[in-house]
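Both counts, for ligands and for their atoms, begin at 1 and track the order of listing.
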Amino acid sequence: MERPIERSVRIQPKILYIGTPVVLVTSENVDGTANISPMSSAWGFADRFVLGMGGTGKGLENVTRTRECVLNVPSPELWQRVERLAPTTGQEDVPAFKREIGYRFVKDKFAEAPFTPLPSEVVRAPRIAECPLQFEVRVRRIEHSELDAERFGYPSLAIVEVEVVRAHAHESIVDPANGHVDVSRYSPLLYVFRHYLPTGKELGHTFKA
Ligand SMILES: Cc1cc2nc3c(=O)[nH]c(=O)nc-3n(C[C@H](O)[C@H](O)[C@H](O)COP(=O)(O)O)c2cc1C
């Protein structure tokens, strides 16, 4: 039996995390060490990703300076390591709005999670060995936007468009017949209105697959 169409009510969401994969952005600090910034405002198309990055984060500072980073895609079983990084920033001088809600400065996020650094092939920031997908990217453009800090808790964001210059996948998720990612062995970790969720069973595939 088909369900009747439901009535909708007006809402005023503070966040728009409607269910997007978690991405761990690795970037190079000034002193050559690496930072990890958890994020979920990332979508990919062709050879581009578009990222929504908080204006005061270390990640944005690093990619603005170095014009490159790595997008590492964790699998659902890594959620607790992601969450260990959640209340941290690589920003030594923790912005007041973050300090007030419990963020602290962590210099070595690889040790904090913990994750294993793996040298990249094209960019200087390392990859995260545990993540089944890793995209080395170069920045094409950054657009800054002011926000209503009262409403959102942070004052600004930037839309960062990047181009993939090298893509890596764990061997176990690649179909050797065609080099495609085998979705029976890969699934992303979703961030849904600040909750971590795995994906469910496959429903089907599009005509091109
Ligand atoms: C699962 C998850 C998803 C997040 N998504 C985003 C996001 O899409 N954009 C963003 O700017 N911050 C996001 N954050 C918050 C950043 O991780 C946070 O601002 C962090 O301090 C950034 O680290 P950094 O200052 O070292 O770059 C997310 C955090 C978590 C745990």
Side-chain angles (χ1 to χ4, degrees), residues 13-31 33-44 49-66 68-115 117 125-126 128 130-131 133 135 137 139 142-149 151-162 187-199:
K14 281 191 177 172
I15 44 162
L16 295 174
Y17 293 142
I18 57 174
T20 37
V22 174
V23 171
L24 299 171
V25 180
T26 42
S27 60
E28 191 185 52
N29 296 318
V30 173
D31 63 5
T33 60
N35 187 50
I36 305 177
S37 312
M39 64 129 52
S40 60
S41 310
W43 56 263
F49 275 97
V50 176
L51 315 171
M53 299 183 89
T56 58
K58 192 67 174 179
L60 180 63
E61 182 189 305
N62 285 345
V63 303
T64 301
R65 187 187 66 259
T66 61
E68 56 180 41
C69 60
V70 183
L71 310 182
N72 304 272
V73 185
S75 43
E77 71 268 16
L78 296 175
W79 81 268
Q80 281 155 316
R81 297 201 221 185
V82 174
E83 182 53 24
R84 255 176 245 139
L85 300 182
T88 72
T89 173
Q91 208 69 264
E92 201 155 343
D93 199 3
V94 182
F97 75 91
K98 279 192 170 176
R99 207 175 334 106
E100 276 159 24
I101 55 171
Y103 275 87
R104 63 185 203 286
F105 165 61
V106 170
K107 171 79 177 165
D108 187 353
K109 296 203 200 170
F110 274 95
E112 183 78 14
F115 283 123
I128 297 177
E130 287 81 359
C131 291
L133 290 172
F135 299 98
V137 305
V139 172
I142 301 179
E143 199 146 321
H144 294 271
S145 219
E146 300 305 312
L147 287 174
D148 176 353
R151 176 167 173 207
F152 298 102
Y154 37 94
S156 62
L157 60 76
I159 306 299
V160 182
E161 181 185 339
V162 299
S187 73
L189 165 63
L190 299 181
Y191 200 45
V192 188
F193 291 103
R194 295 207 169 107
H195 295 252
Y196 299 99
L197 267 77
T199 54

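Atom numbering of ligand 1 starts at 1 in the shown order; those under 4.0 Å from a heavy atom of Gly59 are 24 (P), 27 (O). In summary, the atoms of ligand 1 found under 4.0 Å from a heavy atom of Gly57, numbered by their order in the structure, are 25 (O), 27 (O). Using a 4.0 Å cut-off to heavy atoms of Asn35, the atoms of ligand 1 that qualify are 24 (P), 26 (O), 27 (O). Below 4.0 Å from some heavy atom of Tyr196 lie the following atoms of ligand 1, by number and element: 1 (C), 31 (C). Residue contact check: Lys109 has heavy atoms under 4.0 Å from atoms 23 (O), 24 (P), 26 (O) of ligand 1.
Geometrically, ligand 1 and Val22 share no nitrogen or oxygen pair separated by less than 3.5 Å. Between Gly90 and ligand 1, at least one N/O pair is under 3.5 Å apart. An N or O contact shorter than 3.5 Å links Pro38 to ligand 1 by distance. Any N or O atom pair closer than 3.5 Å counts here, and Thr89 shares at least one such pair with ligand 1. Any N or O atom pair closer than 3.5 Å counts here, and Gln91 shares no such pair with ligand 1.
Here the side chain of Thr26 pairs a donor or acceptor atom with the backbone of Pro126 at under 3.5 angstrom.
Considering only non-hydrogen atoms, atom 5 (N) of ligand 1 lies nearest to Ser40 out of Ser40, Gly52, Ser27. With distances taken over non-hydrogen atoms, the option nearest atom 18 (C) of ligand 1 out of Glu61, Lys98, Met39, Met53 is Lys98. Comparing Leu189, Thr88, Val94 by heavy-atom distance to atom 20 (C) of ligand 1, the nearest is Thr88.
Put simply, no part of Tyr154 is less than 4.0 Å from ligand 1, judged by heavy atoms.
The closest side-chain donor-acceptor pair between Glu68 and Thr66, if any, does not fall under 3.5 angstrom. A donor-acceptor pair shorter than 3.5 Å cannot be found between the side chains of Thr33 and Asp108.
Side-chain atoms of Glu28 and Asn62, non-hydrogen and from C-beta on, never get closer than 4.5 Å to each other. Val30 has its side chain within reach of Arg65: a pair of non-hydrogen atoms, C-beta onward, lies under 4.5 Å apart. Using a 4.5 Å heavy-atom cutoff, the side chains of Lys109 and Ile128 are not in contact. Contact annotation: the side chain of Pro155 approaches that of Phe97 to within less than 4.5 Å [non-hydrogen atoms, C-beta and beyond]. In this structure the side chain of Leu71 reaches within 4.5 angstrom of the side chain of Leu51, judged on heavy atoms.
Remark: Asp93 CG is loosely packed, at most 12 non-hydrogen atoms of other residues, nucleotides or ligands lying under 6.0 Å away. Within a 6.0 Å radius of CD1 in Ile18, other residues, nucleotides and ligands contribute 12 heavy atoms or fewer. Enclosure of atom CD in Glu143 is not indicated, since only 12 or fewer non-hydrogen atoms of other residues, nucleotides or ligands lie within 6.0 angstrom.
In terms of protein heavy-atom proximity, atom 8 (O) of ligand 1 is nearest to Ser41 OG, 2.7 Å. Ranking protein heavy atoms by distance to atom 24 (P) of ligand 1, first place goes to Lys58 N, 3.5 Å. Atom 3 (C) of ligand 1 has Tyr191 CE2, 3.3 Å as its closest protein atom, hydrogens excluded (heavy atom only). The protein heavy atom nearest to atom 11 (O) of ligand 1 is Gly54 N, 2.5 Å.
Of the inter-residue distances, the one linking Glu112 atom CD with Ile36 atom CD1 reads 10.0 Å to the nearest 0.5 angstrom.
If you look at Leu51 next to ligand 1, there are no close heavy atoms at all, none under 4.0 Å. Of the heavy atoms in Glu83, none comes closer than 4.0 Å to ligand 1.
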